[in-house]
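Notes follow once the structure below has been shown.
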Amino acid sequence: MNDKVVITCALTGMLTDPKQHPVPVTPEEIAREAKAAFDAGAAVMHVHFRQQAPGKGHLPSWEPELATAVMQAIRDACSGVILNESTGTIGANIAGPLACLRAVRPEIAACNAGSLNYLKVRADGSWAWPPHVFDNPVEKVKAYLDVMRETGTQPEFECFDVGIVRCVGMYAKNGMFAGRPKYNFVMGVESGMPADPDLLPILQKLIVAASPWQVTAVGRAGIWPLHRRAAELGGHLRTGLEDTFYLPDGSKVASNGALVEMLARYAREAGRAVAGPAEARGLMGL
């Protein structure tokens, strides 16, 4: 087991409305939140870009100029930080995310590794949002991987279900990417893997041997036992306002810093130290 933990902070997410929750939108706001997470122990920042027009901050943006400004603001605020760019989109048109990858050339970028029916029902049985497919067919995955190879970017394979974890090994055998895959187990999405700590040993059996892995836990208080178990089993850790607004006691946070502080505490309680950016680069082969 690695004695060091790499902590990633997902600073803002894609669709959360800043009128309802305290998510950063502007480059200055995102950089300020990155600094709070960095000071608390996060070596990696997972970054989404949001539209800057008044009243549009809840919507994603794929403008390369904005992407460049956001990433530079984070670099200026956090010396040596590792940048991880989001790429998730619905539909076949991925020109925007690819343009941002080429503009920013991040060290890491998300590569959603398979498709998922994205569903949630309310207590009365009605849909919480219109059911849709988060579509990531093989040709779309390959298009992302081809550009990541071009930009020198390490893919982080986002796995929302067990079968998607298994697909990553097939991509490796097929030669779609080189090197050890880096897995991100996304757990807690209602129609994907539950935020159940007992799943982690099973998932560890399914990854390519000796590959690094982390957990993205989506939800409220119930996600924290999953974070603790990931720390105990040797995984890397991720949190942030994209994933949750709540600490283990149910209190709501106003900043990413408090969430990262809790993960750093869990790492130390598991007998592991929190990796700085240089150490994280070594652990992840950047």
Side-chain angles (χ1 to χ4, degrees), residues 8 10-15 44-50 59-68 70-71 74 82-118 132-186 189 192-193 206-208 211-216 218 236 238 240 242-243 284-286:
T8 295
L11 296 168
T12 187
M14 183 173 287
L15 294 173
V44 182
M45 303 299 159
H46 178 71
V47 187
H48 290 253
F49 314 117
R50 288 166 171 260
L59 298 174
S61 171
W62 296 111
E63 294 296 327
E65 295 82 3
L66 175 64
T68 301
V70 169
M71 294 305 213
I74 296 172
I82 300 167
L83 297 176
N84 177 335
E85 183 177 320
S86 173
T87 63
T89 58
I90 294 174
N93 183 2
I94 58 174
L98 295 185
C100 289
L101 279 172
R102 290 186 170 109
V104 174
R105 304 180 75 89
E107 290 181 80
I108 305 172
C111 183
N112 293 283
S115 300
L116 183 77
N117 283 325
Y118 212 81
H132 61 275
V133 177
F134 183 28
D135 57 315
N136 295 287
V138 172
E139 59 271 19
K140 188 174 179 179
V141 174
K142 186 178 185 301
Y144 277 122
L145 292 174
D146 288 347
V147 173
M148 290 180 197
R149 186 182 300 111
E150 170 192 325
T151 59
T153 300
Q154 182 186 93
E156 176 186 86
F157 289 100
E158 315 293 312
C159 301
F160 290 79
D161 217 337
V162 174
I164 299 176
V165 175
R166 301 179 71 190
C167 287
V168 174
M170 299 182 203
Y171 301 154
K173 287 182 179 179
N174 185 255
M176 289 170 58
F177 68 95
R180 287 185 307 164
K182 181 178 185 291
Y183 292 83
N184 181 27
F185 303 144
V186 183
V189 174
M193 290 187 288
L206 299 177
I207 65 176
V208 174
S211 295
W213 59 275
Q214 73 174 21
V215 167
T216 290
V218 180
H236 299 300
R238 175 182 132 159
E242 177 177 5
D243 304 335
M284 295 189 290
L286 295 173

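We're numbering straight along the sequence, starting at 1.
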Rounded to the nearest 0.5 Å, what separates atom [atom1] in [X] from atom [atom2] in [Y]?
X	Y	atom1	atom2	answer
Glu156	Arg238	CD	CZ	7.0 Å
Leu83	Glu107	CG	CD	7.0 Å
Ile90	Ser115	CD1	OG	10.5 Å
Leu101	Thr87	CG	OG1	6.5 Å
Arg105	Thr68	CZ	OG1	11.5 Å
Asn84	Met284	CG	CE	8.5 Å

Looking at residues at least two apart in the chain, or sitting in another chain, which of them share a ring pair (Phe, Tyr, Trp, His ring centres under 6.0 Å) with [X]?
X	value
Trp213	Phe185
Tyr183	none
Phe49	none

Looking only at heavy atoms, which two atoms of [X] and [Y] are closest? And how far apart?
X	Y	value
Asn136	Gly114	ND2-O, 3.2 Å
Pro137	Asp135	CD-C, 3.5 Å
Glu85	Cys100	OE2-CB, 3.2 Å
Gly13	His48	O-CB, 3.2 Å
Gly88	Met14	O-CE, 3.1 Å
Lys140	Gly91	NZ-O, 2.9 Å

Are any non-hydrogen side-chain atoms of Val47 and Met71 less than 4.5 angstrom apart?
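Yes, side chains in contact.
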
Got a sec, which pairs hit side chain to side chain donor-acceptor pair (under 3.5 Å) with one end in residues 144-154, sequence neighbours left out?
Thr89-Tyr144, Arg102-Glu150, Lys142-Asp146, Asp146-Arg149, Thr151-Thr153

From CA spacing to verdict: side-chain contact (heavy atoms from CB on, under 4.5 Å), Val141, Asn112:
CA-CA 7 Å; Val141 174; Asn112 293 283; over 6 Å; no

Show the atom names and distances, to 0.1 Å, of all donor-acceptor pairs under 3.5 Å that link a side chain in residues 163-181 to residues at least two apart or in another chain.
| unit_1 | atom_1 | unit_2 | atom_2 | d |
| --- | --- | --- | --- | --- |
| Tyr171 | OH | Ala113 | O | 2.6 |
| Arg180 | NH1 | Ala210 | O | 2.4 |

With Asp161 via salt bridge (Lys or Arg N to Asp or Glu O under 4.0 Å) - residues at least two apart
none

Is the backbone N or O of [Y] less than 3.5 Å from a side-chain atom of [X], with the two atoms forming a donor-acceptor pair by type?
X	Y	value
Asn93	Ala95	yes
Asn184	Glu158	no
Arg50	Thr12	yes

Run the side-chain contact (heavy atoms from CB on, under 4.5 Å) test on Leu11 and Ile74 for me, step by step, so that the C-alpha distance in whole Å, both residues' side-chain angles and the decisive distance to 0.1 Å come before the verdict.
CA-CA 11 Å; Leu11 296 168; Ile74 296 172; 4.1 Å; yes

Can Asp243 and Thr216 be counted as having a side-chain donor-acceptor contact under 3.5 angstrom?
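Checked: Asp243/Thr216 side chains show no N/O donor-acceptor pair below 3.5 Å.
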
